[in-house]
Amino acid sequence: MAAAESDSRSLFSLDSYHVSQELGFILPDPLEELPPYYQPWMDIALRVPELVLSHELRFHINKMPLLSSQFLQKHRELRLAHLALSNMTMGYTWQGGESNTVEKLPHNLAVPYWEVSQRLGLPPILTHADAVLANWRKKDPDGPFDMENLELLLSLPGGDSMRGFFMVTLLVELAAVPALRNIPTVINGVRCGDTEAVARALEEVSQSIEGMTDALKLMHVYVEPSVFYGIMRIYLSGWKDNPSMPKGLIYEGVQPEPMEFSGGSAAQSSLLHCFDELLGVKHEAKSGAFLTRMRNYMPPAHKQLIQDISLQPSLKSFVHQQDSERLNQAFQRCVTKLVALRNYHINIVSRFITVPAARARQLRNQGQPSEGEMISRAPAALEERGTGGSGIMIFLKTVRDQTKDAFLPETSKEMKHHS
Ligand code: HEM
């Protein structure tokens with residue numbers, strides 16, 4: 001599909017990677033309804049938060065009819081089906097909290113879920129591509145793409161905070177669109193030695209990355225840390241390296257052995273993977289392995305884009321050779337803004353996970369978790385770990401520090417000092 005893009009004779013473009021000029025990796029106009037045959041799925045998927053609360057979701061899913069996935073044809077139908085089946089799966093698995101998990105997903109859910117996942121090249125678990133990229137509609141179709149005019153198609157427990165979490169992440173994806181659009185300009189400029197064009201494009205990239213950080217700040221406005229930690233987080237977690245589901249999950253009717261998949265996380269967003277490859281950020285073995293594994297949780301066309309960017313002639317060497325002050329500064333600014341974004345993200349994780357986790361531990365040690373404290377009900381198994389099952393802070397700081405290593409040598413000391 002994208003082989004031509006790595007051919008140095010043709011111009012690099014985003015056309016064959018399912019990337020929209022206006023929306024980047026966001027799925028344009030996600031479908032809101034499936035063909036009527038699939039109504040039994042949508043009826044339940046739309047009610048997941050309320051059915052989880054009343055502990056009736058498993059009951060409803062167990063008696064759902066087994067539907068064939070063969071009447072799903074278009075890409076957008078498959079994406080909505082994957083989102084709906086993923087939503088039901090997360091609710092089904094975690095309805096009873098960490099102490100009352102399930103060993104298997106019933107065949108009437110597992111079989112079509114597996115088929116739809118295979119056709120999309122996505123894993124059979126809720127991914128960033130489902131919950132964020134394909135999970136939005138505009139209230140007023142002619143209105144702006146902003147918080148007031150957007151709503152989720154499907155949700156999970158957590159009310160306004162769950163909505164805020166997915167929507168703010170969507171706005172971060174939107175803020176990155178100018179950066180994404182300029183990647184081909186950078187690559188083509190390097191290929192033909194156009195210093196000015198590369199410098200200009202990198203200036204746009206750095207500005208756009210700064211815009212992503214600004215959008216990320218909205219997390220504080222729209223998401224309540226105690227709700228995120230105490231209620232939402234479990235529904236985003238998976239069954240790989242998770243002590244509450246040590247064997248993984250059996251997808252009944254697919255294969256008898258259990259399978260393991262990581263939970264949903266913006267580590268599955270293709271954005272930072274693209275920037276890292278463009279700027280030549282090299283990750284250390286363990287964190288790099290996690291990030292590489294996350295690429296299998298992306299739509300295949302997006303994963304291919306990352307791969308093809310990585311095959312291009314080195315931008316960093318080009319900048320180094322050109323001896324242009326403007327180009328030099330534009331490159332350094334991109335790295336500075338990427339480090340700043342990762343630093344801000346670390347603050348967010350500290351506020352939404354580390355601090356509530358410490359409080360939850362304290363409450364448990366006191367022996368009497370008070371009724372009002374939502375966080376004390378949070379699953380203990382998730383305390384030390386990321387939603388994807390990684391040692392969070394060490395991982396995030398390693399990734400941040402590796403980003404600093406992408407600075408060009410002359411100014412690297414100074415820039416490291418300021419970031
Ligand atoms: C309340 C908000 C958020 C929390 C609590 C959070 C938490 C985490 C955690 C725990 C990880 C570690 C890996 C994992 O467990 O999967 C992670 C990784 C990551 N997150 Fe977030 N995240 C949040 C929002 C976002 C947003 C909006 C973005 C933007 C797209 C983002 C981008 C990333 C990236 C790219 C990684 C991989 C590490 C890296 O490349 O620096 N996160 N996040």
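Both ligands and their constituent atoms are indexed starting at 1 by order of listing. Below, each value reflects all heavy atoms present in this structure, side chains not excepted, and no hydrogens, waters or symmetry copies.
- Listed by number with element, the atoms of ligand 1 under 4.0 angstrom from any heavy atom of Val399 are 39 (C), 40 (O), 41 (O).
- Electrostatic pairing of Asp214 and Lys217 counts as a salt bridge here, judged by a charged N lying under 4.0 Å from a carboxylate O.
- Distances shorter than 4.0 angstrom do not occur between any heavy atom of Val168 and any atom of ligand 1.
- The salt bridge (charged side-chain N to carboxylate O under 4.0 Å, His left out) check on Glu224 picks up nothing, with sequence neighbours excluded.
- Note on ring orientation: taking the six-membered ring where Trp is involved, the planes of Phe395 and Phe290 are perpendicular (angle over 60°, cut-offs 30° and 60°).
- Taking every heavy atom of Arg342 and a limit of under 4.0 angstrom, the matching atoms of ligand 1 come to 39 (C), 40 (O), 41 (O).
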Would you sort out whether Asp29 and Lys138 count as a salt bridge (Lys or Arg N to Asp or Glu O under 4.0 Å), showing the intermediate values?
-> CA-CA 9 Å; Asp29 294 321; Lys138 277 185 180 176; over 6 Å; no
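- Here is the list of ligand 1 atoms found below 4.0 Å of a heavy atom in Ser265: 14 (C), 16 (O).
- Ligand-side atoms of ligand 1 in range of Leu216: 26 (C), 27 (C), range being under 4.0 angstrom from any heavy atom.
- Which parts of ligand 1 touch Phe228 is read off a 4.0 Å heavy-atom cut-off, strictly below it: atoms 5 (C).
- The ligand atoms of ligand 1 that sit less than 4.0 angstrom from a heavy atom of Ile348 are 1 (C), 2 (C), 3 (C).
- Here Arg326 pairs with Glu203 in a salt bridge; the nearest charged N to carboxylate O distance falls below 4.0 Å.
- Looking at Ala266 against ligand 1, both its backbone and its side chain come within 4.0 Å, counting heavy atoms.
- The residue Val223 has no part lying near ligand 1, judged by heavy-atom distances below 4.0 Å.
- At a heavy-atom cutoff of 4.0 Å, ligand 1 is contacted by the side chain of His345 but not by its backbone.
- Interface atoms of ligand 1 facing Phe290, defined by a heavy-atom separation under 4.0 Å, are 13 (C), 14 (C), 16 (O).
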Give the intermediate values and the outcome of ring-ring contact (aromatic ring centres under 6.0 Å, His included) for residues Phe352 and Tyr229.
-> CA-CA 6 Å; Phe352 285 84; Tyr229 187 80; over 10 Å; no
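- Between Thr169 and ligand 1, a contact under 3.5 Å exists for no N or O pair.
- Heavy-atom proximity to Val349, at under 4.0 Å, picks out these atoms of ligand 1: 6 (C), 7 (C), 8 (C).
- Taking the six-membered ring for Trp and thresholds of 30 and 60 degrees, Phe261 and Tyr251 have ring planes more than 60 degrees apart, a perpendicular arrangement.
- What you find for His302 and His18 is that their closest heavy atoms are NE2-O, 2.9 Å.
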Check the pair Glu277 / Arg295 against salt bridge (Lys or Arg N to Asp or Glu O under 4.0 Å), numbers first and verdict last.
-> CA-CA 13 Å; Glu277 293 298 355; Arg295 294 183 183 179; 3.0 Å; yes
